[in-house]
Structures are given as C-alpha cells and as structure tokens.
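In what follows, a single structure is set out as structure tokens and then discussed.
Just so it is clear: chains get the letters A, B, ... in the order the sequence lines come, proteins before strands, and each one is counted from 1. Worth knowing before you read on, the calculation uses all heavy atoms, side chains too, and leaves out hydrogens, waters and symmetry mates.
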Amino acid sequence: MVIDLDKCSGCMACSVACQAENNISFRPDETNKLRSITWMEVFYLQNGKDYGEYQYTYLPRPCMHCDAPHHAPCTFVCPVNATTRNEENGIVEHIYPRCIGCRYCIVACPYHARDFNWWDPSWPKSMESMLNPEVSTRMRGVVEKCTFCHHRLLNARAKAYLEETDPDKATYLPACAEACPTKAISFGNLNDPESEVAALIKDPRAFRLLSKLHTEPKVYYLSKHDWVRKQADKGF
Amino acid sequence: MDKALIPEGVRRCSLPAFGIWILVLAALIGWGVYAGVVVLIQALNVTGLNNHFGFGLYITADLAIIALGAGAFFSGFLYYGLSRFFPALRELHKIINLAVIVGFVCYTGALAVLLLEIGQPLRGWFGYWHANVHSMLTEVIFCITCYAIVLVIEYVPIVLKNRKLDAIHPVRIFGHTLHDMMAIFALTGTFLSFFHQGSLGGVAGVLFARPFAYRTGFFVWPWTFFLFILSAIASGPAFTALVCRSMEIVTRKKLVDRSVYELISKIVGTLLSIYILLKIADTVYWAFFLSPELGFKLGDYYRAPYGMWLLFTEIILCGVLPAILLTASRGRQNHFIVFSSFLLVCIGVIINRFVMTVQTLATPVMPFDKWEVYVPTIYEWAPIIAMLAYCALILSLSYRYLPLFPREKELNTIS
Ligand code: SF4
C-alpha cells in the first residue's frame with residue numbers, strides 16, 4: 001500500500017469505510033481513544049514551528065503488514081499462533097477464535113495498529129442489518145487489526161477461479177483505498193515490478209514509518225516535505 | 001485445641017490469635033477473589049489497561065513474584081546439586097523447606113493472577129494446544145506450569161511430615177520415598193526455572209520494534225534472558241531470607257541459625273555483584289550504542305513519573321549499594337545491613353520487572369506518540385494483594401502445623 005500524504009486531506013473517509021467494511025464495533029461514548037478500536041487511524045503531524053512557518057499533514061495508519069525477514073514484530077511473539085503472516089500474499093492475519101487475549105502482540109507492535117476488544121461488540125439495533133456478512137465480528141477479550149480487507153482478496157481470487165483466470169494475479173482494492181476521494185491510497189502487489197505501487201515506492205518522496213526499527217513495513221508513504229520524512233524515522 | 005497437629009516440642013500462638021490472623025488474610029483473599037470475579041464477568045475494561053498499556057500491574061506482579069520465588073529452585077540446586085562438592089552449602093538444609101514453600105506459593109499465586117490477565121481465560125489451554133515455538137511466552141507457559149507441578153511434588157512430603165499424617169504408616173512411607181527422590185525434582189526444577197526465568201526476560205528483550213526493551217544477545221536469546229536469570233537467583237534467596245526473618249520477628253523465635261543468613265548473604269552478594277556489573281554493561285551498550293542506532297537517546301526513555309530516578313534506584317540504590325554491602329564481610333556481620341540489603345535487592349528486582357513491562361510501553365515509539373502514564377485500578381490491586389495474602393496464609397498454616405525448621409526446637413529451648 002502506498003499513501004500519498006501530499007494528496008491526503010484528512011477527511012477520514014478511509015477510516016469510516018474501514019469501520020463499516022470490517023464491522024468494527026464502537027461505543028456510545030468514544031472519547032477514550034486508548035480504549036477505542038480503529039484499524040485505520042489518522043494522525044495529525046505538524047512541524048513544530050510557529051505561525052508563518054507552521055505546516056501540518058495527516059497520516060493515515062493501517063497495519064503495516066510488516067515484512068521483517070524472520071517475522072513481523074507481532075507474529076512471532078503470539079504464544080498460540082493466533083497471528084501469522086501469510087507468506088503467499090504477505091498479509092498479517094489474526095485468527096480471532098484462537099486469540100487468548102494476552103495482548104503480547106499489542107505490546108510488540110510499535111505502530112499501535114492493534115486494538116483489544118475491551119467490551120462485547122455491539123451496534124445500535126438499526127445498524128445491525130448493515131453489518132458486512134463477509135467479515136466476522138470479534139468477541140470481547142481478543143485483539144484485532146487491519147487485514148488489508150483480506151476477505152476482498154478471497155473474493156477476488158474466487159472470482160478469478162470462476163472466470164478461469166489466474167487467482168494469483170487477482171487484484172482488489174481494500175475499502176480505504178476505494179473510499180479515498182483524493183485517490184491518495186494506492187494498493188497492489190509490491191513484488192510485481194509492473195504494478196503501480198512498485199513504481200510509486202521508487203518515487204524520491206517515498207519513505208516508511210520507523211524504518212530504523214527494521215520492521216520492513218509494506219505500507220509506504222509519499223511526502224514532499226523533509227520534516228515529515230525525518231519525523232517518521234525519528235530524526236534520521 | 002489443635003495441639004495434636006502442631007509439631008512436637010515447639011510452641012505456637014493460641015488458636016484464637018491464629019484464627020484472627022487467618023480471618024484477616026481470608027478477608028483480603030475474599031476481596032481479591034471478588035475483584036477477580038468482577039474482572040472475569042465485566043472484562044478487563046474495569047482495569048487500568050488500555051490499547052497503549054497491554055501489560056500492566058498483573059504482569060509486573062507476576063514477573064516480580066516469580067523472580068522472588070526463585071529462591072526455591074536456586075536453593076534446591078545449591079543444596080541438592082552442589083552441596084556434595086561444597087559442604088558449606090549443607091547449611092541450606094535449615095531453610096530449604098521454607099524456600100520450597102515460598103516458591104510454591106509464589107508460583108501458584110502467579111498462575112492464578114495470570115488467569116485474570118488474559119482476555120479469554122477459558123482459552124488458557126490454547127497455550128499448550130496451539131503452542132507457537134517461536135514465542136518466549138510459550139516457553140514461559142510450559143516451564144511455569146511444569147515447575148508449579150514440581151513445586152507441588154516438593155511441597156507434598158513437607159505436608160506429609162505433619163504429626164498426624166506422619167503417624168499413618170503408608171503415608172509416612174510415601175512421604176519418605178518422595179523425600180528420597182527430592183534431588184531429582186530439585187534438579188528438574190532448576191532446569192525448568194532456568195528457562196522460564198530467562199524467557200520472562202526474553203519476553204521483553206525480543207521486542208525488536210520497542211527500543212526501550214529490545215536487546216541484542218546470544219543466538220535467539222537477548223541479554224535480558226540472562227539478566228533475568230541472574231537477577232532472579234540473586235534476589236530469590238534474599239527474599240526467602242527476608243520471609244524467614246519476618247517470621248522470626250512475628251513469632252519472636254529463632255528459626256534458623258545465624259550462619260544460614262551469613263551463607264545467604266555471601267551467595268546473594270556474589271551473584272548480585274555479577275548481575276549488577278553485567279546489567280551496567282548492558283545499560284551502557286543499550287543507551288549509547290543500540291538505542292542511538294534506532295533513533296532514540298537515553299533521555300527519550302525517562303520522563304515523569306517514570307524519570308531517571310527509576311534507573312538510579314534500580315541500578316545504584318538497589319544494585320550497586322547492596323552488592324557492596326553484602327560482599328564486604330563487615331557488612332555481612334551486621335543484621336540490619338544484611339536485611340536492609342536483602343530488601344533493597346528485592347525492591348530492585350520489582351523495579352526491573354516494572355520498567356521492562358510498563359515503562360517499555362510508556363515510552364513513545366512513533367514520532368507523534370505521546371508519553372503515556374498507566375494507573376492501575378482497584379481491580380488490579382485487589383487480586384495482587386490477595387495473592388500476597390494467599391502466600392502469607394499458606395506460610396502461616398505451614399509454619400503452624402508442619403516441621404519447617406529442623407533447628408527450631410534447639411534454638412528455642414528455655415534454659
Ligand atoms: S504494524 Fe503492527 S500489527 Fe501490523 S504487522 Fe506490523 S507489528 Fe504487526
């Protein structure tokens with residue numbers, strides 16, 4: 001995934017689309033952000049300068065689906081194999097019915113991409129019929145996170161199979177990329193040199209969040225601002 | 001009234017006085033159980049944990065109590081394993097029963113609290129069934145469970161030594177047979193403990209994306225693996241000695257010879273010195289080489305309320321100072337210095353377990369993160385206090401009804 005911060009207007013459509021697509025539960029009072037569940041969180045970055053030189057940008061943060069060679073920070077710590085990286089498509093998955101809720105993966109993830117279900121999920125009665133039947137809801141006491149809309153990949157592969165084309169070449173868009181009005185989010189196969197994302201990450205504006213930690217995120221960002229790039233990698 | 005159950009030749013307080021003490025402990029345990037039931041029914045949202053602090057007081061207390069309970073395996077290892085080569089270690093015979101019981105209560109208490117810590121307690125068994133061999137936590141789960149079983153086996157012959165039980169012939173034979181095999185269990189316990197104490201250190205040290213906790217190391221083991229083992233075997237015997245001394249103060253009796261405390265001071269002093277030297281080396285390497293490579297300065301890690309004072313207290317006040325006091329033979333001769341040093345060592349290990357769990361998470365990693373502070377709620381304190389009360393309860397019952405201290409009779413004869 002490549003997110004162009006120069007195009008992002010901070011409208012949060014990606015966050016809302018993700019919430020609806022993935023049946024992310026919410027509470028009547030969501031003021032406590034340390035207990036809320038947001039798979040696609042939008043951060044506000046500023047350059048710390050005074051009026052006149054003040055600049056800001058928005059930074060949407062899904063799960064980075066870290067690609068560190070041995071493991072993602074979160075996967076190798078899980079004691080019950082509830083979260084693993086699918087080495088075929090690179091998606092870091094989380095198996096909710098197996099999660100014991102020890103939260104070690106939350107501790108391991110430096111991007112805060114993982115949230116815990118502190119309460120039983122619930123929706124207003126009128127919204128229940130709008131839940132996405134393709135995504136399971138998560139029970140209390142387990143961890144959850146962005147899956148790059150894994151179910152959409154499975155649908156795309158099933159469709160390719162029915163159409164007798166190569167399922168491995170099936171493409172899809174996650175809900176956030178589809179909803180973004182400024183087309184700031186591009187999605188595709190980074191391993192395919194022909195893909196749009198593979199070209200975008202060669203852009204001189206490209207950088208990754210906390211690349212110094214060697215988590216090898218599969219989410220790249222684009223920004224023309226040096227201060228954004230520097231901030232994203234702890235001043236280096 | 002319960003005279004028939006009390007070991008022969010020793011004196012215990014009156015049953016009503018003991019009953020009141022037990023009632024106080026039972027009330028604390030009841031309070032903790034109530035809080036635990038609330039956590040299980042209403043979920044972890046009643047605690048101070050959140051998406052930032054996935055680990056908090058439960059884990060800190062578990063890690064600390066398990067380190068302090070290390071006196072059981074380490075004393076067992078010294079007594080059953082090494083005393084044939086170093087006869088001076090035979091002195092530990094006088095305190096080994098207590099060490100085993102302290103270990104037993106620490107581990108079983110920690111396991112009970114762990115059940116509250118997980119979001120889906122009914123899936124606790126998944127740790128054995130779906131074990132991830134790469135996870136340090138898996139190693140911890142297996143080793144702690146096995147070691148708790150070993151501790152139960154080690155505790156049983158002590159229980160069977162009760163006057164009434166010992167009078168039953170088959171029970172007596174069973175107890176003696178178990179006792180004869182104790183060396184095997186002690187060494188099995190040593191093996192298991194070595195790994196789980198280390199793995200608990202590994203839990204933090206392998207977090208390669210959390211620069212506060214991350215350490216390089218030896219093969220798959222980060223330095224914290226070895227530091228946790230060393231700090232546990234330094235503080236475990238100190239904690240056992242402190243428990244013993246507290247029992248002496250409360251009961252106003254001499255329970256072990258002074259020579260036992262001297263021997264433990266020597267052991268603790270030596271191990272603590274090795275540990276603290278390595279800990280300082282580790283801290284220097286982490287602060288000045290490893291962290292800057294990851295984009296962090298030492299000052300980034302320490303902010304109020306988890307300021308630099310924590311680092312100073314842990315390493316200098318609770319490490320270097322007691323190490324000096326306990327290695328100096330003059331220091332070892334002073335009761336007050338010895339027990340104050342033991343106390344400092346135990347506080348040091350608690351602080352270490354706290355910073356490796358909670359401060360690790362308070363430290364911002366993302367550039368736009370805030371420094372967060374964690375405040376545990378009463379639903380976290382109550383089960384921890386109950387766990388301590390449970391430890392005191394088992395120790396009290398054991399002291400009253402079991403022959404824990406082989407020298408108690410001689411040391412307290414009224415001339
Ligand atoms: S961003 Fe966090 S949750 Fe996602 S793969 Fe990386 S460590 Fe795991």
Side-chain angles (χ1 to χ4, degrees), chain A residues 32-37 43-46 59 61 66 68 70-82 84 95 97-112 114-120 139-143 209-210 212-215 230-236, chain B residues 42-47 49-56 59 114 117-142 203-204 206-211 213-214 220 292-297 300 357 360-361 364-369 372:
Chain A
N32 182 358
K33 296 298 173 211
L34 292 176
R35 287 271 178 85
S36 60
I37 302 177
F43 290 95
Y44 177 82
L45 268 67
Q46 43 104 351
L59 185 138
R61 186 247 45 217
C66 301
H70 44 306
H71 269 292
C74 55
T75 50
F76 80 111
V77 298
C78 175
V80 293
N81 280 310
T84 48
I95 309 164
R98 193 186 283 176
C99 177
I100 60 171
C102 73
R103 302 178 305 286
Y104 193 11
C105 56
I106 291 187
V107 168
C109 170
Y111 301 100
H112 305 303
R114 289 178 171 264
D115 297 317
F116 187 69
N117 278 269
W118 300 98
W119 289 273
D120 288 314
M139 65 292 278
R140 172 179 113 180
V142 303
V143 172
L209 205 49
L210 300 179
K212 276 239 160 294
L213 300 182
H214 306 295
T215 52
K230 273 194 181 159
Q231 222 181 77
D233 210 7
K234 279 282 168 193
F236 286 85
Chain B
Q42 290 187 29
L44 287 163
N45 59 60
V46 296
T47 67
L49 297 165
N50 54 45
N51 290 334
H52 207 99
F53 288 100
F55 289 172
I59 293 281
L114 268 185
E117 196 275 334
I118 56 180
Q120 288 284 331
L122 291 178
R123 295 180 189 169
W125 59 279
F126 282 16
Y128 312 97
W129 195 252
H130 297 293
N132 174 11
V133 291
H134 300 289
S135 173
M136 286 282 171
L137 211 49
T138 302
E139 205 168 300
V140 172
I141 292 171
F142 272 86
V203 163
V206 297
L207 299 174
F208 69 92
R210 289 279 187 184
Y214 175 58
V220 295
E293 271 174 31
L294 303 173
F296 290 82
K297 298 185 295 296
D300 295 339
T357 43
T360 297
L361 302 173
V365 180
M366 290 231 278
F368 30 86
D369 269 355
E372 298 286 351

### Summary
All heavy atoms of Pro367(B) vs all of Ala232(A), minimum pair found to be CG-CA, 3.8 Å
### Task
Could you please spell out the steps behind the side chain to side chain contact (heavy atoms under 4.5 Å, CB included) verdict for Phe368(B) and Leu59(A)?
CA-CA 10 Å; Phe368(B) 30 86; Leu59(A) 185 138; 3.8 Å; yes
### Task
Specify which of Glu372(B), Gln42(B), His134(B), Arg210(B) makes the most heavy-atom pairs with chain A at under 4.5 Å.
Arg210(B)
### Query
Are Asn50(B) and Trp118(A) close enough that a side-chain donor and a side-chain acceptor fall under 3.5 Å?
no
### Summary
Value for CG (Asn81(A)) from NE2 (His130(B)), rounded to nearest 0.5 Å, stands at 8.5 Å
### Query
Should Leu137(B) and Val77(A) be marked as a side chain to side chain contact (heavy atoms under 4.5 Å, CB included) after you check the CA-CA gap, both sets of side-chain angles, and the distance that decides it?
CA-CA 7 Å; Leu137(B) 211 49; Val77(A) 298; over 6 Å; no
## Note on the structure
Checked Ile37(A), Ile106(A), Asn32(A), Leu210(A) vs chain B; the most non-hydrogen pairs under 4.5 Å come from Leu210(A)
### Task
Nearest 0.5 Å please: distance from the CE atom of Met366(B) over to the SG atom of Cys109(A).
7.5 Å
### Query
For the side chain of Gln120(B) and the backbone of Arg140(A), is there at least one donor-acceptor N/O pair under 3.5 Å apart?
yes
### Task
Return the minimal non-hydrogen interatomic distance between Ala68(A) and Phe208(B), and the atom names on each side.
CB-CZ, 4.0 Å
## Note on the structure
Per-residue tally against chain B (heavy atom, under 4.5 Å) across Phe43(A), Tyr44(A), Tyr111(A) peaks at Phe43(A)
### Query
When you look at Leu213(A) and Tyr214(B), which way does the side chain to side chain contact (heavy atoms under 4.5 Å, CB included) test go after all the steps?
CA-CA 10 Å; Leu213(A) 300 182; Tyr214(B) 175 58; over 6 Å; no
### Message
Among Pro97(A), Cys66(A), Ala82(A), which residue has the highest count of heavy-atom pairs closer than 4.5 Å to chain B?
### Response
Pro97(A)
### Query
What part of Leu45(A) is in contact with chain B, defined as an atom under 4.5 angstrom from a non-hydrogen atom: side chain, backbone, both or neither?
side chain
### Query
Just by modelled atom types, is the Glu117(B) backbone N or O under 3.5 Å from a matching donor or acceptor in the Arg103(A) side chain?
yes
### Task
Work out which heavy atom in Ala108(A) is nearest to a heavy atom in Ala209(B); give both atom names and the distance.
O-CB, 3.9 Å
## Note on the structure
So, the part of Asp369(B) with a heavy atom under 4.5 Å from chain A: the answer is side chain
### Heavy-atom closest contact (His52(B) atom, Leu34(A) atom, distance)
CB-CD2, 3.9 Å
### Query
Between Arg61(A) and chain B, which part of the residue has a heavy atom less than 4.5 Å away: side chain, backbone, both or neither?
side chain
### Task
May I ask you to check whether over 12 heavy atoms, not counting those of Lys33(A), lie within 6.0 Å of atom NZ?
yes
### Query
Which answer fits Ser36(A), side chain, backbone, both or neither, if we ask what part of it has an atom under 4.5 Å from a heavy atom of chain B?
backbone
### Query
When heavy-atom pairs shorter than 4.5 Å are enumerated against chain A, which of Ile141(B), Ile118(B), Ile59(B), Val133(B) gives the highest number?
Ile118(B)
### Query
Can you tell me if Tyr104(A) uses its side chain to pair, donor with acceptor, with the backbone of Val203(B) under 3.5 Å?
yes
### Heavy-atom proximity to chain B below 4.5 Å, by part of His70(A)
side chain
### Summary
One option among Leu44(B), Leu114(B), Asn132(B) has the most heavy-atom pairs under 4.5 Å with chain A, and it is Asn132(B)
### Summary
Okay, Ile100(A) and chain B: the region with an atom under 4.5 Å from a heavy atom over there is both
#### Entry: Donor-acceptor contact present, side-chain Asn51(B) to main-chain Arg114(A), <3.5 Å
no
